[in-house]
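Order of the sequence lines fixes the chain letters, A, B, ..., with proteins taken first and strands second; residue numbering starts at 1 for each chain.
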Amino acid sequence: MLFAALRLNRKLKEKDEADPRTENNTKEGIKKEKKPKKEEAEHPVTTKKKSKEEIEAAKALKIKKREEEEQQRWRWWEEDKYEDGVKWKFLEHRGPFFPPEYQHLPDNVNFYYNGKVVKLGLAAEEVALFFAQMLDHEYTTKDVFRNNFFKDWRKEMTLEERVLISDLNKCDFRELHTMHKEKVEARKAMSKEEKLVMKEANQKIVEEYGFCILDHHRERIGNFKIEPPGLFRGRGEHPKQGMLKKRIQSEHEWLPPAGHHWKEVRHDNTVTWLASWTENVQGSCKYVMLNPSSKLKGEKDWEKYEVARRLKSCVNGIRQQYQQDIKSKQMEIRQRAVALYFIDKLALRAGNEKEEGETADTVGCCSLRVEHITLHDLLEDKECVVEFDFLGKDCIRYYNKVPVTKRVFKNLKLFMKNKEPGDDLFDRLNTCLLNKHLSSLLPGLTAKVFRTFNASITLQEQLQQLSNMTDKPAEKLLSYNRANRAVAVLCNHQRVPPKTFDQSMANLQSKIDGRREQLALAKSELKLAKKEVKAHSSDSKLQAVVERKKKAVQRCEEQLMKMEVQATNREENKQIALGTSKLNYLDPRISVAWCKNMEVPLDKIYNKSQRDKFAWAVDMTGADFLF
DNA sequence: AGGGGAACTTAGCAAGGCGCAG
DNA sequence: CTGCGCCTTGCTAAGTTCCCCT
């Protein structure tokens with residue numbers, strides 16, 4: 001079967017589902033290598049002593065595999081680009097993978113309403129289970145969530161069910177909840193063999209659905225699995241939290257024309273998605289797209305950094321201009337200039353308008369409101385300080401106290417004059433206006449390019465400043481992480497500290513303490529040994545002892561240093577997420593060049609999938625690269 | 001000239017697998 | 001060898017931008 005880009009509709013019939021659990025003995029390729037090894041490990045037929053050789057062999061195999069992979073890699077960056085807009089010439093794929101249909105609960109698991117067992121129909125029961133599964137999540141205690149859920153749930157009920165079930169508080173989902181928890185436990189408790197079977201079944205699905213052929217090359221698909229139905233979980237105070245996210249496919253029988261599984265098969269090669277559908281909660285489109293390692297994504301990524309580098313070469317002029325524009329007679333231009341100042345200096349997002357009541361109340365630069373900033377003529381010994389406090393993307397709080405120029409400060413006062421806290425700070429500005437202006441300054445320039453540019457240039461500068469060739473490997477890595485961290489702070493990439501943070505920090509600390517004692521001991525032993533040597537002039541045996549002790553001290557020191565660096569790094573990273581900037585904002589060529597210059601292996605910086613994503617950069621970048 | 005939708009990037013969280021210390 | 005913490009991976013929500021339509 002050959003599909004071009006496919007467009008689906010949730011009303012359509014489910015595609016023939018290949019049962020992942022069917023027996024199939026024809027395992028090929030990669031799996032063949034893996035399987036026997038594992039079995040050997042479980043049933044050590046011969047001696048364990050072999051393990052060293054085995055490890056060596058495994059290493060060699062890994063290297064060989066890596067090389068093979070490297071040889072097979074599509075070096076699209078060495079090819080000519082297509083004419084504008086064309087994304088591919090040939091595309092073949094299997095269509096997306098659909099989640100399994102819902103099966104009725106076992107007879108002994110009951111839902112109760114008002115204390116009495118109620119056997120729900122398939123539709124209502126499925127939705128009830130969504131709620132039951134989340135019972136120990138905070139979500140289910142929130143009014144908005146509960147109300148939205150209940151409203152949507154009732155829509156799935158039969159008339160009788162709807163008549164009966166009128167109050168969520170009288171619903172008892174506990175048995176469903178327990179069943180779900182048991183299922184999770186059972187999955188965890190599966191034996192190694194069972195887990196392996198599951199893994200292989202999943203592999204099979206990936207093999208079948210997870211790839212497409214694009215212009216004669218096999219490319220990994222990013223999200224080939226259709227999102228299963230469930231309850232919508234927005235972030236922050238989302239007005240739609242708890243609503244039912246419906247199953248993508250046919251609950252409506254009136255479709256589709258016989259023999260056609262898809263709403264429409266489109267052959268549109270100006271587009272990068274393989275399939276799309278409309279999601280019912282927000283009414284937006286969702287897409288099946290390729291993996292970040294694909295040509296389509298990689299090429300775009302590369303281009304993104306090239307635009308950012310172009311900005312680098314003209315950013316001084318642009319900065320001068322917006323400083324000038326702040327004095328403009330036209331209010332619109334002054335607002336634009338101040339907004340751009342923030343975007344450039346603070347790496348704020350553009351800030352599109354959002355429909356009220358449809359999403360959580362978050363803002364970016366252009367959508368800042370008066371209530372989001374406080375002006376301080378003097379704060380902590382600094383003049384003209386702007387205090388920002390607002391919720392940005394994903395409801396992550398942005399809090400920052402920033403000294404600004406007098407001009408900017410005066411303008412902000414002006415913009416805020418006679419306004420209510422809820423009014424727009426930049427009432428004459430929106431992202432469209434701003435971006436139009438930007439693209440007139442430099443083709444391809446938009447607000448978000450500043451984020452990319454400032455992130456990447458910060459990394460480069462920080463790496464330059466922080467790293468020393470003479471440092472130990474662990475120290476070099478700490479420097480890299482610190483540079484990365486500076487970017488994450490700039491971009492406000494946060495995370496909630498892991499639940500186990502304090503504990504694991506304490507554990508590490510006690511390990512450090514232990515090692516310190518060990519070091520002290522080793523040192524005193526060394527001293528003693530040296531004394532011995534002196535006392536008995538140069539006895540060669542004693543000399544050897546000294547050497548040994550010296551080595552021990554050295555080893556101890558190294559390990560201690562390593563752990564201390566690790567502790568510092570972890571502490572500094574407590575609330576900061578490095579991944580997002582690494583993956584989306586930092587030109588990978590900066591990191592590749594740094595690794596070459598510092599003689600740090602690349603895989604200390606990038607894991608496998610990151611190396612795949614940035615293969616183009618890894619391949620083309622020399623030590624002399626400058627962003 | 002602005003509203004809305006399509007297309008694509010950016011985002012944090014949670015589960016689970018994997019590696020490492022004890 | 002095993003238990004545990006960390007990292008990777010998957011998931012999907014939430015942004016940005018562009019373009020078309022009115």
From [options], pick the nucleotide closest to the side chain of [X]?
| X | options | value |
| --- | --- | --- |
| A:Thr272 | B:dC8, C:dC6, C:dA13 | B:dC8 |
| A:Lys286 | C:dT12, B:dC13, C:dA14 | C:dT12 |
| A:Asn584 | B:dA11, B:dC18, C:dT8 | B:dA11 |
| A:Ala447 | C:dA13, C:dT12, C:dT17 | C:dT17 |
| A:His493 | B:dT10, B:dA11, B:dA7 | B:dA11 |
| A:Val271 | B:dC8, C:dT12, B:dA6 | B:dC8 |
| A:Cys285 | B:dA6, B:dC13, C:dA14 | B:dA6 |

Item to complete: State whether a side-chain donor-acceptor pair under 3.5 Å links A:Arg233 with A:Tyr139.
Response: no

Item to complete: Using distance alone, with no hydrogens and no angle criterion, decide if A:Tyr606 and A:Asp612 have a side-chain donor and acceptor under 3.5 Å apart.
Response: no

Can you check the [X] [atom1] to [N] [atom2] distance for me, whole Å?
| X | N | atom1 | atom2 | answer |
| --- | --- | --- | --- | --- |
| A:Lys188 | B:dA14 | NZ | P | 14 Å |
| A:Lys300 | B:dC8 | NZ | C1' | 6 Å |
| A:Tyr287 | B:dA7 | OH | P | 4 Å |
| A:Lys448 | C:dA14 | NZ | P | 18 Å |
| A:Arg235 | B:dA14 | CZ | P | 10 Å |
| A:Ile221 | B:dC8 | CD1 | C1' | 17 Å |
| A:Gln282 | B:dA6 | CD | P | 14 Å |
| A:Gln133 | B:dA14 | CD | C1' | 15 Å |

Using a cut-off of 4.0 Å on non-hydrogen atoms, how would the nucleic acid contact of [X] be classed: base, sugar-phosphate, or nothing?
| X | result |
| --- | --- |
| A:Thr362 | sugar-phosphate |
| A:Lys240 | nothing |
| A:Ile396 | sugar-phosphate |
| A:Ser609 | sugar-phosphate |
| A:Lys436 | nothing |

Discussion item. Tell me the closest heavy-atom pair linking A:Tyr305 and A:Pro588, and the distance in Å.
Written reply: CE1-CD, 3.7 Å

Worksheet item: Which atom pair, heavy atoms only, marks the closest approach of A:Phe614 to A:Leu583?
Response: CZ-O, 3.9 Å

Discussion item. Pick the closest DNA chain C nucleotide for A:Tyr606 and for A:Val449 by heavy atoms, then say which residue is nearer the 5' end.
Written reply: A:Tyr606

Worksheet item: Where each residue is assigned the nucleotide of DNA chain C containing its nearest heavy atom, which of A:Gly236 and A:Gln610 is assigned the position nearer the 5′ end?
Response: A:Gln610

Discussion item. Can a donor-acceptor pair be found, under 3.5 Å and without considering hydrogens, that links the side chain of A:Arg482 to the backbone of A:Leu477?
Written reply: no

Practice prompt. Apply salt bridge (charged side-chain N to carboxylate O under 4.0 Å, His left out) to A:Arg220 and list each qualifying residue two or more places apart in sequence or on a separate chain.
Written response: none

Item to complete: May I ask you to list the residues of residues 288-298 of chain A, by number, that have any heavy atom positioned under 4.0 Å from an atom of DNA chain B?
Response: A:Met289, A:Lys297

Item to complete: Give, ordered by number, those residues of residues 340-355 of chain A having at least one heavy-atom distance below 4.0 Å to an atom of DNA chain B; if nothing qualifies, reply none.
Response: A:Arg349

Worksheet item: Salt bridge check: are A:Lys240 and A:Glu358 linked by an N-O gap of less than 4.0 Å?
Response: yes

Worksheet item: Does the pair A:Glu126/A:Arg247 count as a salt bridge with the N-to-O cut at 4.0 Å?
Response: yes

Worksheet item: Got a donor-acceptor pair under 3.5 Å from the side chain of A:Lys393 to the base of B:dT10?
Response: yes

Discussion item. Let me spell it out: for each of A:Lys195 and A:Ser284, pick the nucleotide of DNA chain B with the closest heavy atom. Which residue's pick is nearer the 5' end?
Written reply: A:Ser284

Worksheet item: For DNA chain B, whose closest nucleotide is more 5', that of A:Arg187 or that of A:Val496?
Response: A:Val496

Worksheet item: Under 30°, 30 to 60°, or over 60°: which ring-plane class applies to A:Phe388 and A:Phe390, parallel, tilted or perpendicular?
Response: perpendicular

Practice prompt. Over 60° means perpendicular and under 30° means parallel, so classify the ring planes of A:Phe232 and A:His238, tilted if in between.
Written response: perpendicular

Practice prompt. Please confirm whether A:Lys81 makes a cation-pi placement over A:Trp302, using NZ or CZ under 6.0 Å from the six-membered ring centre and within 45° of the ring normal.
Written response: yes

Fill in: Atom pair OG1 (A:Thr140) and CZ (A:Phe130), whose distance is rounded to the nearest 0.5 Å
15.5 Å

Taking only the side-chain nitrogens and oxygens of [X], find out if one of them lies under 4.0 Å from OP1 or OP2 of [N].
| X | N | value |
| --- | --- | --- |
| A:Tyr585 | B:dT9 | no |
| A:Thr580 | B:dG12 | yes |
| A:Arg451 | B:dT10 | no |

